[in-house]
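Only one structure is covered here, and it is reproduced in the block below.
Being a predicted model, the structure only gives us computed values, none of them experimental. In what follows, chains are A, B, ... by sequence order, proteins preceding strands, each numbered from 1.
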Amino acid sequence: MALDKNGIAKRIAKEVQDGYYVNLGIGIPTLVANYVRNDIEVEFQSENGVLGMGPFPFEGEEDADIINAGKQTITTLPGASFFDSAMSFSMIRGQHVHLTILGAMEVAENGDIANWKIPGRMVKGMGGAMDLVASAENIIVAMMHTNKAGESKLLKRCSLPLTGVGCVKKIVTNLAVLEVTESGFKLLERAPGVSVEDIQKATEGTLIVEGAIPEMNL
Amino acid sequence: MALDKNGIAKRIAKEVQDGYYVNLGIGIPTLVANYVRNDIEVEFQSENGVLGMGPFPFEGEEDADIINAGKQTITTLPGASFFDSAMSFSMIRGQHVHLTILGAMEVAENGDIANWKIPGRMVKGMGGAMDLVASAENIIVAMMHTNKAGESKLLKRCSLPLTGVGCVKKIVTNLAVLEVTESGFKLLERAPGVSVEDIQKATEGTLIVEGAIPEMNL
Amino acid sequence: MINKQVAGVQDAIAGVSDNMTCMFGGFGLSGIPENAIAALVKSGVKGLTCISNNAGVDDFGLGLLLHQHQIKKMVSSYVGENDEFERQMLSGELDVELIPQGTLAERCRAAQAGFPAVYTPAGYGTEVAEGKETREFDGKMYVLEHAFKADFAFVKAWKGDAAGNLIFKGTARNFNPNMCGAAKITVAEVEELVPVGELDPNQIHIPGIFVQRIFQGEKYEKRIEQRTVRKRE
Amino acid sequence: MINKQVAGVQDAIAGVSDNMTCMFGGFGLSGIPENAIAALVKSGVKGLTCISNNAGVDDFGLGLLLHQHQIKKMVSSYVGENDEFERQMLSGELDVELIPQGTLAERCRAAQAGFPAVYTPAGYGTEVAEGKETREFDGKMYVLEHAFKADFAFVKAWKGDAAGNLIFKGTARNFNPNMCGAAKITVAEVEELVPVGELDPNQIHIPGIFVQRIFQGEKYEKRIEQRTVRKRE
């Protein structure tokens with residue numbers, strides 16, 4: 001059975017390691033924070049200028065001056081810090097942030113990513129996504145395997161304007177976990193009950209299947 | 001009579017205008033602070049990371065953590081701030097500091113300055129001088145007109161390794177006030193009792209004398 | 001101490017004229033110069049090029065200037081949540097230049113710090129880099145991005161003093177410190193103007209040298225865009 | 001919270017080996033990592049390239065490492081006040097690269113912030129620019145200066161916590177914040193290590209993400225180089 005958004009977030013949470021500073025994009029990535037093991041030490045950075053984000057505030061305790069990059073009211077944990085935008089992107093560009101998790105409209109088998117613009121439609125902008133994907137050593141894309149029209153989002157070449165080139169390392173979708181390799185999308189894991197054929201059918205780009213593909217352990 | 005170091009400082013202090021942020025080099029420039037009119041508002045910046053320097057501390061109140069670029073213990077005035085070296089040079093490079101006053105071994109008639117290195121001798125380094133002269137819009141050199149051997153320090157071309165090119169605007173020496181112009185050192189003022197001939201004799205570079213040259217009003 | 005205090009918002013915006021380029025601090029509606037924006041709306045100044053991470057919402061922030069057709073061009077990283085913006089953009093009335101958020105921050109910082117341009121990896125290989133110089137360093141590609149040139153920077157801080165020293169609060173800090181000194185004239189508005197000497201010199205985020213005018217805003221709405229909360233258990 | 005605290009200076013300098021490049025914060029003797037330097041002297045590590053604005057005095061600061069012939073090269077802006085330094089430099093034993101102070105600060109910041117190089121006007125037309133790329137922007141000439149590449153950065157702060165957050169005091173701040181995160185491993189020593197949560201998140205100069213190891217120094221001499229005072233009237 002294909003995963004839902006929370007399932008994807010749950011699977012990605014397993015990629016988060018002890019001692020990681022992590023930047024979470026808007027959407028599914030935001031949910032990842034809910035599933036990180038609590039026996040490891042992880043800090044969440046938001047590019048608008050906070051490190052050490054905690055959960056949402058209790059009702060009545062919201063502060064307009066303490067938000068995340070999704071403009072949501074948040075709290076901070078002990079050890080947190082606030083800083084300006086230039087310093088925030090120093091953390092990102094300088095690769096001090098270990099892991100970036102973000103959504104995508106398309107990913108190509110060479111690691112290109114498109115997630116900011118659909119020609120002809122109102123374009124909202126790239127925000128910090130172009131800095132994040134151009135800088136992070138470790139980028140995981142969280143997305144549905146196909147779009148609303150049922151078309152694959154894992155392509156030979158992106159058709160939409162790019163956000164970054166050759167930068168995506170891993171993709172977790174509702175159907176599978178895939179690694180971007182020199183020869184294409186290498187299938188690592190299947191969602192529970194999803195077959196390799198299902199994944200193949202939903203993948204336009206080159207899919208590499210080697211040996212038996214295990215089911216995700218969630 | 002030629003000025004002493006305090007006389008030079010006193011004359012330069014008249015160049016400091018209301019609302020100026022000023023960086024003072026080591027030596028004669030440091031003395032300028034003592035002679036700035038107290039009916040104008042001026043703030044002194046030191047490139048090691050302080051704005052709003054005050055006088056030396058009272059005996060027993062020295063703080064190893066509060067020094068100027070000459071490594072002297074200092075105090076700060078109300079409204080002062082501390083900052084890191086990168087921000088300090090942002091103030092300088094970004095031309096937020098209005099006036100830089102520094103010493104020199106040689107100045108050339110095209111505005112070149114040499115003040116950091118004598119080949120064959122122990123070289124201590126340029127410190128912040130190269131940043132200051134390359135950035136400041138308004139640079140005044142404070143120095144003796146001749147060196148200890150009696151040789152002119154106002155030259156056609158500098159003989160020593162340069163600190164910066166075409167940057168000096170004004171020079172105040174023990175003998176004169178001079179402006180650097182496209183055609184050479186323009187004599188603006190004489191030290192009290194010093195003749196134009198005295199100045200001409202002590203100046204190797206092109207000296208421009210137009211009309212009567214007034215004595216300095218100290 | 002060099003005194004930067006002006007009587008109020010009218011003196012603070014003096015000199016802003018048609019077709020100027022202005023920077024505005026803030027991320028979403030957090031940390032925006034509310035009082036300066038309100039005064040600019042009243043002033044009727046037109047043809048502004050605005051450098052701001054976002055463009056406000058329909059009835060607040062830069063959205064107020066958009067609504068009065070006072071903005072000719074926006075330079076931003078993200079401009080969602082604004083119907084009037086969308087309408088003007090799609091009709092071609094409004095020119096929009098979208099740039100990466102880190103690039104926006106660093107082009108401000110470059111202007112503040114006297115750097116002509118910076119090499120950033122952001123946007124390499126995308127349409128953002130089209131027509132721009134690119135260059136390899138150590139096997140990685142970078143895009144040359146130039147320092148902004150702006151006439152005014154409007155920033156908002158939490159506390160400040162007449163010397164122009166500023167302290168920001170929480171994530172309302174964002175682009176505000178990077179814009180100070182990045183324009184010919186920096187106008188800072190603060191929630192609280194404290195007596196000179198009250199701010200700890202060690203804890204000042206932006207020294208007064210980067211600020212030309214400072215005033216205490218009359219009031220701050222500090223609107224929240226996404227009120228997210230959790231229930232007490 | 002990611003814990004950066006190490007037991008003491010020995011753990012803090014673990015991994016420093018011969019011929020590495022190390023950054024040291026401080027201006028003159030103000031804000032230098034006294035405890036790390038003392039431990040490096042004891043460790044006997046040799047062939048170090050040191051990036052530091054100054055080189056200490058004969059019997060303190062980096063002068064202690066020089067005295068034991070542990071330094072191969074100094075990258076500094078000013079190296080006076082040190083006889084042993086002079087002797088080693090003139091004899092050719094010690095390699096010295098002198099660079100402008102603002103360039104030194106910005107090459108640190110570039111490394112911290114992921115910029116490969118910066119264009120600075122400092123040193124243009126001087127021997128500092130020899131062999132370097134120069135370029136005109138808007139009629140002014142600039143020199144391309146590259147980000148430092150260092151193995152360790154040793155910095156000293158006033159207060160810190162186990163998360164690696166740092167607050168500096170007075171002009172002892174200087175190069176210390178710019179060096180945090182500018183090397184593969186940043187080692188911070190503090191006068192006082194406070195419980196996590198005690199530092200105001202709004203007033204932290206360097207967030208812990210830039211620091212890999214932190215410890216409280218056993219003692220600080222904080223020597224004054226030029227004790228200048230005035231008499232009470």
Side-chain donor-acceptor distances from residues 176-187 of chain A under 3.5 Å, at least two apart:
unit_1	atom_1	unit_2	atom_2	d
A:Thr181	OG1	A:Ser183	N	3.3
A:Thr181	OG1	A:Gly184	N	3.3
A:Thr181	OG1	A:Gly184	O	2.8

(request) Using a cut-off of under 4.5 Å on heavy-atom pairs, state which of A:Trp116, A:Phe83, A:Phe58, A:Phe82 scores highest against chain C. (result) A:Phe58
(message) Which atoms of C:Phe168 are under 4.5 Å from chain A, going by heavy atoms: the side chain, the backbone, both sets, or neither?
(response) neither
(message) Please check this pair: side chain of C:Ser30 against backbone of A:Ala64, looking for a donor-acceptor N/O pair closer than 3.5 Å.
(response) yes
(request) Sort A:Thr163 into side chain, backbone, both or neither according to what part of it lies under 4.5 angstrom from a heavy atom of chain C. (result) backbone
(request) Using a cut-off of under 4.5 Å on heavy-atom pairs, state which of A:Ile67, A:Val50, A:Thr76 scores highest against chain C. (result) A:Ile67
(message) Looking only at heavy atoms and a cut-off of under 4.5 Å, which of C:Gly31, C:Cys108, C:Gly170 has the most pairs with chain A?
(response) C:Gly170
(request) Heavy-atom distances under 4.5 Å only: say whether A:Asn68 touches chain C with side chain, backbone, both or neither. (result) backbone
(message) If we define contacts as heavy-atom pairs under 4.5 Å, which of A:Lys124, A:Arg93, A:Met130 has the most with chain C?
(response) A:Lys124
(message) I'd like to verify something: which residue of C:Ala105, C:Gly28, C:Pro121 has the highest number of heavy-atom pairs under 4.5 Å with chain A?
(response) C:Pro121
(message) Using heavy-atom distances under 4.5 Å, tell me whether C:Leu104 contacts chain A through its side chain, its backbone, both, or neither.
(response) neither
(message) If you apply the rule side-chain contact (heavy atoms from CB on, under 4.5 Å), what do you find for A:Met122 with C:Phe85, and how did you get there?
(response) CA-CA 10 Å; A:Met122 166 65 188; C:Phe85 184 99; 3.9 Å; yes
(request) Could you tell me whether a side-chain N or O of C:Thr228 sits under 3.5 Å from a main-chain N or O of A:Thr73, the two making a donor and an acceptor? (result) yes
(request) Specify which of A:Gly128, A:Ala86, A:Gly49 makes the most heavy-atom pairs with chain C at under 4.5 Å. (result) A:Ala86
(request) Under 4.5 Å heavy-atom distance to chain A, tell me which part of C:Asn54 shows up: side chain, backbone, both or neither. (result) side chain
(request) Return the minimal non-hydrogen interatomic distance between A:Gly164 and C:Thr126, and the atom names on each side. (result) N-CG2, 4.0 Å
(message) Taking side chain as everything from C-beta outward and backbone as N, CA, C, O, which of these in C:Asn174 sits under 4.5 Å from a heavy atom of chain A? Side chain, backbone, both or neither.
(response) both
(message) If you count heavy-atom pairs within less than 4.5 Å of chain A, which of C:Glu86, C:Arg109, C:Lys140 leads?
(response) C:Glu86
(request) Could you tell me whether C:Lys169 and A:Asp63 make a salt bridge, using a distance below 4.0 angstrom between a side-chain N and a carboxylate O? (result) yes
(message) Please classify the contact of A:Phe89 with chain C as side chain, backbone, both or neither, using a heavy-atom distance under 4.5 Å.
(response) side chain
(request) Check whether C:Glu191 gets within reach of chain A through its side chain, its backbone, both or neither, counting any heavy atom under 4.5 Å. (result) side chain
(request) May I ask you to decide if C:Thr171's main-chain N or O and A:Asn48's side chain share a donor-acceptor pair within less than 3.5 Å? (result) no
(message) Please identify, among A:Gly125, A:Ser85, A:Gly166, the residue contributing the most non-hydrogen atom pairs under 4.5 Å to chain C.
(response) A:Ser85
(message) For chain C, which candidate among A:Val165, A:Val123, A:Leu162, A:Asp65 shows the most heavy-atom pairs at distances under 4.5 Å?
(response) A:Asp65
